[in-house]
A.B. asks: 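My questions will all concern the structure given below.
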Amino acid sequence: MSVSNLLENWSQVRHEHPVNDKPHDPYKWAMAIDLDACTGCNACSVACYAENNIPVVGKERFQHGQQMHWLRVERYWEEDSREFPDQGFQFLPMMCQQCEAAPCETVCPVAATNHTADGLNSQIYNRCIGSRYCSANCPFKVRYFNWYDYPTDEMVWPAEMTQQMNPDVSVRSKGVMEKCTFCVQRLSAAKVVAKGEGRIVREGEVQTACQQSCPTGAISFGNLVNPESRVHKQWAAQQVVLDADKQAKDEKEEGPGLRGYRILEELRAYPSVMYLERVRESAV
Amino acid sequence: MIDSGSVKQLAGHPFDRRDFLKVLGWSGAAVALSGCGNTSIEDGKETVVSYVEANDYMVPGIGVYYNSTCAQCDAGCSINGRVREGRVLKLEGNPDSAINKGKLCGLGQAGVQHHYNPDRVREPLLRNGNKGETISWDKAYALIAEKLSGVKGEEIAFLSGGVSGHLKALLGNYLDSLGTKNHFVYEAVAPGVVRAANVKAYGVEMPRYRFDKAQVVLSFGADFLGSWVSPVHFSQQYAQFRKGVNGQRGVLVQVESKMTLTGANADRWLAVKPGTEGVLALGIINALGIATGEVAELVKGYDRARVSSETGVAPGQIDKIAALLKLRSPSLVLAGSAAEGYAHGSQNAAAIHLLNQVLGNVGKTVEAPVSVPFPQMAPAKGNTAALKTLNDGLAAGKYKVLFNFAANPVFTAPGAFKFKDNLAKAGFKVAFAHYLDETALQADLVLPLDSAMEDWGTQVPEYMTEGAQINIQQPLMERLHANTRGMGDIVLTLIKQRRADEYKAFEDYYAYLRGAMLQNKGALGGGGVDDDTFWNETLTQGIVKLAGSTGTLTAHAAAAGLTLPAPAASDEQYPLHLIPGVTASLRDGRHTNQPWLQESPDPLTTIVWDSWVEVHPKKATELGIVEGDIVEVTSKTGSVKAQVYLFPGIHPEAISIPVGRGHDAMGRYAKGYGVNPFQIMDAVFDAATGELAMHETRVNIKKTGQRVLVVKDEGSAGALQMGRKIAARVSTDQVDLSKEV
Amino acid sequence: MSKRHLLALYGNFEEAEAVVRELRSATIQGFDVNDDMIVKSPIEHPQVEAFLGDKPVYVQWFTLFGALMGGLFGFFLISGAQANFYMQMKGGKPIVPFPPNFVLTYEMFILGGVFITILGFLICAGLPAKRSPLYSAKVSVDNIAILVKAEEAAISVLKAIFTKHKALEIQEEAGK
Amino acid sequence: MKDIREDIAWAKINVDVMKSLENPRKLYWVILFFALMAFGFGVGCEIYQYQTGMGVENVNNPQVWGLYIATFIFWIGMSHSGTLLSAILHLMHADWRKPIYRFAEAMTTFSLMTAGLFVMVHIGRLWQFYYSLPYPNDRGIWPNFQSPLLWDAMAIFTYLSSSVLFLFVGMIPDLAIARDTMAAGWRKKLYTLLALGWEGTDRQWRNFRVTYLTIACFLIPLAVSVHSIVASDFAMSQQPGWHVTSFPPYFVAGALYSGCAAIITLFIILRYVFRFEAYMTKPILKKIVRLTFAIAMVWTYLNAVEFASVWYSHDEVSKDVLIQKMTGTYAPFWWGMIFCGSVVPLVFAFKRFQTNIPVLFAVSLLLNLGMWLERWMIVAPTFSHGYYPWTWDHEQWPSLVAWGLVFASFGWFTLLFMIFCKVFPSVSMYEVKEMVYHRTLHLKKSETAEQGAH
Amino acid sequence: MYRFLRLPVLLVGFFMAASSYAASNSQPALTTEDALGPQVVQPIEFPHNRHAGLHDASDPTKGGMEINCQYCHTYARRSAVAGIPPLQKCIGCHQNIESVRNKSRIVELFKYWDAKKAVPWKKVHDLPDFVRFNHERHIKRFIEQQDRPVQEACGYCHGDVKEMTVARRQKPLAMGWCASCHEKDHPVVAEGGTPIAGQAYWYSFQKPAAAQDANTKARGPNDCWQCHK
């Protein structure tokens, strides 16, 4: 009874969710990625392919920019016209930032992408009609559209290869948008176990596929509202606040001496992924 | 017979897992196809997955994990395979392994695509003209016996990649039974020269490196984060090294002519003129000014000005590095493939080792290795010198029967070897193969192998940490194709042809393996437990950890005999060095047909599915080349055509083409993508070891006038962030790392 | 009392006006000028309304009603749907947000207005209508028609008036 | 020259217009044939796309919108001038609109229908389109009312249904004429049905007038809201180059502009095909041309304003997008748009071209091309130059299928429009009569006044 | 005036009625409530009524044996997937029940057993592939924590199986139907203060303190990702 629900809960449904006045409890999944530890080896990306049934599109479609990597490793070198990138490259694993005020959510005409109680940006494949507005409005461009029907494509999923598919993750057919889910199937499984035992998910109990594979442990993932979690400690140590478009630490004149930052923070999307700046030795 | 698996949560419970490994009702298993499969409530359309008999732990919908060993490279990472409804879904690292500690690289994870690859060989094939004819295994074995009869031992050759463990022992026995000593262990990209140089300098082939203890790492072209020796392990040490102690972050300086993944992560990346790594090492010793005696004498001539002009490194930079090395100790100096890939590679490596010794790192960050107490199981290390010997033998028509296992020399031998032509001179060629690769296509008999996810085995890694270990490889699922066989089983059958009595007790390789392990139970740490418990425990762990025997480390790098040649004169006709790029995911090209690896962008260039020629932008401007131009790269041996990628991470006097692509066989995901730089490689060898000098090939490049769009992940902004704060960087003096979590 | 219809056609507007004026002023037994006379014209003549006297038009009340109902319905449908069990939450936004709902309310306001106006028009203009017993296609060309209905007794009087004003044509309903 | 001759007989008006329902010139059939061919090609493309996936449009992951959205805006925009002529000018009592507003209103309706098709063509899972409709269902969920796309759907539905009703209501008296004149047959039955028994009684006319006026009043804010909502699809997002305050007026101006240009094109075609020279006169054409010129200048101004506002804002990212438009991948198209949209209409400033039909025809086509390019330049450059440089400018050029569907949409529109003009009177007969009548009255009055002065 | 009663008026009335109904009733009535799904033909006609039905004291050959659902469907409480009991389970009992040994379906059963072949049972309650329904959670919630009778709890979705021979779908299993239960007020804590639904979600308008109160009621989880994968 929606109208009665509306009238009953009028003041609540006028609150902004989930930032400010509705804090997360008991979960808020978040990440911290240490760019100084990231070596750009691509293990996370492959793990993501394996875990999430991501199609390999092949050369021609990759050329058309139709690749599907939910997690891409970007590399930069801004060398100001120096002859060599003599301070190395900078690698950056980029996946859905699970924004708290996600620009993609508001624009989907069929509400296929919504905010969850755990602070994730859910993408419901079977609800998607493929208007692609979410991707158009994503500042990070981390949403990937199924331009072709990959499950029926012999080059992409030959019969033998389909046996590798993860049964916990939908295989997306043509015409739907997809993106990184923070391995929500693993989160659900962990929550089911925890719920059965009447507790919340413990730190370290659940890992995302990328985090699990990362040889240098650059990716940490966990429950931001759990003070025991590494992610919580990292965010706290770096003084990065979730629902802020400017961090107080950056306002200080002498510089914070901290390296936590979020990408395109000024857009007020409140990403759930904090990056730690890559460090370079000043002595050489 | 009880053989038991290794279920994480059910350790130690013996059970019959055959049924579990069986693929169950795949068509009905719950892979969800949104919009494609079942999209509404359906009744009575699908069949439920059900068992005849089920053990307690077999619960539909819940994955079980088995421990095994990654076979994608020789590093010996332990893996943890997730199995559901009888299918292996995903490979993860085994947290109990000291080598990879629960982590796994992209190459390792792609192992499932090796297993499920649609282009695997499924039946034994016998050459009939240009076609392979399916024959039965019995026939195949009989044929081998027939071909071997009356052939002298020296007329038989066995070519293989690196092997270790019980397979190596069994194989050794088989070769023994054939009376041949011609076991050629060949790896296309292996640190052969460094091993030899290590023996000279440290007394061991491969010491244990302690990146985590070092404060400075000075690496001469060792791509330890990408493809060198044991990258997953080194990456973990690297992470600790970066974190440092009390916020004192480790500093990485990489010296090489073509940037590797490690170079891309360096605090300072120095592009030296190809082949002058040794000169720079001596220059740094000189700049350190702490050397005495004959070392000081040796480096005396290598003053700043000379070193700078020979290597192209700015004099100030040499001083800075020397100062840093002096200030922060211990450090670690490594010689890698960039240093060893020249005719004077051994000299380069010796110079670099000398620097390490001068800095006093030996014993601190270079430690004595540990080896397994069973020499017959220790890894047979592949190198390229073996291939040369084989090739010479083939050219002379010495061999009547040639076996080939886990090597693809037709693809990886330098073009100058003309290996394919020489191979044709061998009488009868047997290939044990997963795929019809280039070498298998030349064979007379192709025997299909089980994948690493179907086969039993043991493996001893070349590079071990925290004591010695024997890795167990066990099936994660039932055979995908009924007519493939494990290599161990094949060798066992073959050896039974020769020494039936000795081996008749072993029904199959599994029985052999189990017997052999149980025989040495005491030495393997299983003293005092009964056989089954020990065996189950072993399989559950996937690793047998041993104390092992520690080698002795010496520090006798010496100046004596160290002479670096004068910088090579410029070659008018072939002005550029060709540096074959070894990437972390493709290595020597044996896994190119795994689509995840093909579609993983190369970390440095972000190119996928294709080969490229890395050209420095300065050089490109000189030659009038832009990105996407197809150029013809010509060496004395041959030429290839490939697209150009302008890349600042390469010395202007060099170009680089990655190895691994350019297959003309190996199935749908490998064939026809890219070019194979091995084809144009000259046959130049390291003077001291006879190893192939991979970086010595000189080439020239010519525009062909064609241009293509480079298929890559980066956009038109390339590596620029256009003023946005995306991948940010901070220098150490602006940040306090000590307080970090 | 049965009434018969009579239709007269006029070529121009002044003649028709004169006829109407005369019919108004005359008192004819069995003919009520307000109820029994209909003027048909090929175009919308403002004068017709002028000489027929002010007749009220109610369409705008439909408009008002429709627009308000459309707006209210729109707003409550949307807000109610947003507040239902599956609150399809958008990060950083209230569950029932005003700005987007106003846009839709606005559209529904117009939609309701237009639809109900048309409905009102159909009701007020009596459309779809039964065709009147006497009709000439010339009305749709350029003639103005005056259709009267009267008792038998008045027919001849009316006919006379029509003829007097030079009716181009007079049609008569057959007697019953 | 007069807008229309006052001495034209009313009966002749009926005859001339009714003739258009019977026997147009041969060119009509030629146009119809080509329209049908184009449409058929598009149907083929759509079937292929439906079967294969949206990838055949050759758009890619960061650049998810392509020609379809651009063309969608184009068609929505084109619809606006119909409303301008039929509603705004109606309220202004500009009676020169009367001979031409009917086809303009039909253009509104059909271009909206074409635009609606592009929504279908664009979405990835057409078979699930019903998810976007707000109706109570067994899934217990609703579409997302926060999405500008849903506003779009709502606005277009409102606009389309209102326009159809407006068109129909305005046509009732003419349908009665057609009913009265047409010889017996299916068409007579059709007209009889649609005329709803209209006989031109005083009561009917009275209510008709109020209704027509009221709907005209609704249509004006509606039309403005429709295109500003389409602008919201872009302006409500936070992408650089889209998140622009001036977008709604810019879109509305662009819409009126392209609509007027289309009216000129169709004016010229109809005038020839249906021999409407006496009604669609050159003076009327001149008035539209002048109106178009004025709107062209407004549009040019708003274009400049967009640059100015970004320039003042110091928003580097938006600035980048604008600079990229002028100098990057899309530069030829952007300059083409400026040329077609701002330079070409200067021809209208010359009196001798204002009634030169071949010139006007060519110019109006160029204007439409320019306006189509404008829509493309709104959609595409942001994708290739957005916030995230890593995803800039992947190779993306519309495929044959995409072009085919765009091309086909013109066929589809022409097909509908031409069939409409053949089936229904495309010149409003009763209103032309009114126009003639009022002008005669006016003439008489001024003659009388002249005589009085003597 | 009669004209005002014509079609247009009816249309308005209909429109108003329909809209007010739709506006007040956003959870639509289900057209298929408690309608039976299609009859599925199984390889063996398994009589659920005989196994799970009520015991008939007067005639033990007729009534059921009141076997707990979970005796056979043992995976349901341990996994998201209910699965089907292994053949071993059937044989385990039936090898000792000589009286029915010669019935055709038991003969058939033993044929499978002898061939060591799994019985190809057909799925009866087959949700779409993109839906994740967790049996374990529902059993924990209703049977273990709230102590409801097993057949009642299973019956919420599976209907009155004890009355059936071969199981047949009795509930619509459509999304709106699932939601109609999830939106009901369920107690947040069981007796003894163990939280049942985990926690009061912040969006369900519960104050954190109230989550400890035995009288507090909460909705079932309503995130999209709760059930969709």
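Here the structure is a predicted model, which means the values were calculated and not measured. Labels below follow one simple rule: chain letters A, B, ... track the order of the sequence lines, proteins then strands, and each chain is numbered from 1. Any value given below was found using the heavy atoms of this structure, including those in side chains, with hydrogens, waters and symmetry copies removed.
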A.B. asks: Please flag which part of A:P55 lies under 4.5 Å from any non-hydrogen atom of chain B: side chain, backbone, both or neither.
C.D. replies: backbone
A.B. asks: side-chain contact (heavy atoms from CB on, under 4.5 Å) for A:Y76 and B:L720? Distances and angles first, verdict last.
C.D. replies: CA-CA 6 Å; A:Y76 297 98; B:L720 305 178; over 6 Å; no
A.B. asks: Is B:V232 in contact with chain A via its backbone, its side chain, both, or neither, using a 4.5 Å heavy-atom distance?
C.D. replies: both
A.B. asks: With only heavy atoms counted, which part of A:C38 is less than 4.5 Å from chain B, the side chain, the backbone, both or neither?
C.D. replies: backbone
A.B. asks: List the steps and the verdict of salt bridge (Lys or Arg N to Asp or Glu O under 4.0 Å) for A:E266 and B:R724.
C.D. replies: CA-CA 11 Å; A:E266 66 277 11; B:R724 289 35 158 193; over 6 Å; no
A.B. asks: Tell me, for A:E154 versus chain B, whether the close heavy atoms (under 4.5 Å) come from the side chain, the backbone, both or neither.
C.D. replies: both
A.B. asks: Does the side-chain contact (heavy atoms from CB on, under 4.5 Å) test come out yes or no for A:E265 and B:K725, once each step is laid out?
C.D. replies: CA-CA 9 Å; A:E265 193 171 53; B:K725 189 181 180 184; over 6 Å; no
A.B. asks: Pair B:D713, A:Q67 - check side chain to side chain donor-acceptor pair (under 3.5 Å), show working.
C.D. replies: CA-CA 8 Å; B:D713 198 40; A:Q67 63 269 41; 2.8 Å; yes
A.B. asks: Are the side chain of B:Q109 and the backbone of A:A43 linked by a donor-acceptor contact shorter than 3.5 Å?
C.D. replies: yes
A.B. asks: Pick one of side chain, backbone, both or neither for B:H115, based on which atoms fall under 4.5 Å of a heavy atom in chain A.
C.D. replies: neither
A.B. asks: Could you walk me through whether A:M161 and B:V112 pass side-chain contact (heavy atoms from CB on, under 4.5 Å), step by step?
C.D. replies: CA-CA 9 Å; A:M161 294 265 197; B:V112 281; over 6 Å; no
A.B. asks: Could you go step by step and tell me if B:E599 and A:H69 meet the side-chain contact (heavy atoms from CB on, under 4.5 Å) rule?
C.D. replies: CA-CA 9 Å; B:E599 194 144 312; A:H69 48 33; over 6 Å; no
A.B. asks: Please classify the contact between A:V156 and chain B as side chain, backbone, both or neither, with a heavy-atom cut-off of under 4.5 Å.
C.D. replies: backbone
A.B. asks: Begin with the C-alpha distance, continue with both residues' side-chain angles, and end with the deciding distance and a verdict on side chain to side chain donor-acceptor pair (under 3.5 Å) for A:T216 and B:S235.
C.D. replies: CA-CA 5 Å; A:T216 58; B:S235 293; over 6 Å; no
A.B. asks: Contact part of A:M155 toward chain B, heavy-atom cut-off under 4.5 Å: side chain, backbone, both or neither?
C.D. replies: both
A.B. asks: Could you check whether any side-chain heavy atom of B:R249 comes within less than 4.5 Å of a side-chain heavy atom of A:R280, counting everything from C-beta outward?
C.D. replies: yes
A.B. asks: Do A:F84 and B:P652 have side-chain heavy atoms sitting under 4.5 Å apart?
C.D. replies: yes
A.B. asks: Which side-chain N or O atoms in residues 85-92 of chain A pair as donor and acceptor under 3.5 Å with protein atoms at least two apart or in another chain?
C.D. replies:
residue, atom, partner, partner atom, Å
A:D86, OD1, A:R82, NH1, 3.0
A:D86, OD2, B:R268, NH1, 3.2

A.B. asks: Do NZ/NE/NH1/NH2 and the carboxylate oxygens of B:D610 and A:K59 come within less than 4.0 Å?
C.D. replies: yes
A.B. asks: What part of B:Q236 lies closer than 4.5 angstrom to a heavy atom of chain A: side chain, backbone, both or neither?
C.D. replies: both
A.B. asks: Taking side chain as everything from C-beta outward and backbone as N, CA, C, O, which of these in B:Y673 sits under 4.5 Å from a heavy atom of chain A? Side chain, backbone, both or neither.
C.D. replies: side chain
A.B. asks: Assess the side chains of B:R82 and A:N166: does a donor N or O sit below 3.5 Å from an acceptor N or O?
C.D. replies: yes
A.B. asks: Are A:C41 and B:L225 close enough that some pair of their side-chain heavy atoms sits under 4.5 Å apart?
C.D. replies: no
A.B. asks: Quick one: what part of B:L104 sits under 4.5 Å from any heavy atom of chain A, side chain, backbone, both or neither?
C.D. replies: backbone
A.B. asks: With a 4.5 angstrom heavy-atom cut-off, is it the side chain or the backbone of A:Q238 that approaches chain B, or both, or neither?
C.D. replies: side chain
A.B. asks: Chain B heavy atoms under 4.5 Å from A:E51: which part of the residue, side chain, backbone, both or neither?
C.D. replies: both
A.B. asks: Relative to chain B, which segment of A:E74 carries a heavy atom at a distance below 4.5 Å: side chain, backbone, both, or neither?
C.D. replies: side chain
A.B. asks: Checking B:F647 against chain A: side chain, backbone, both or neither under 4.5 Å from a heavy atom?
C.D. replies: side chain
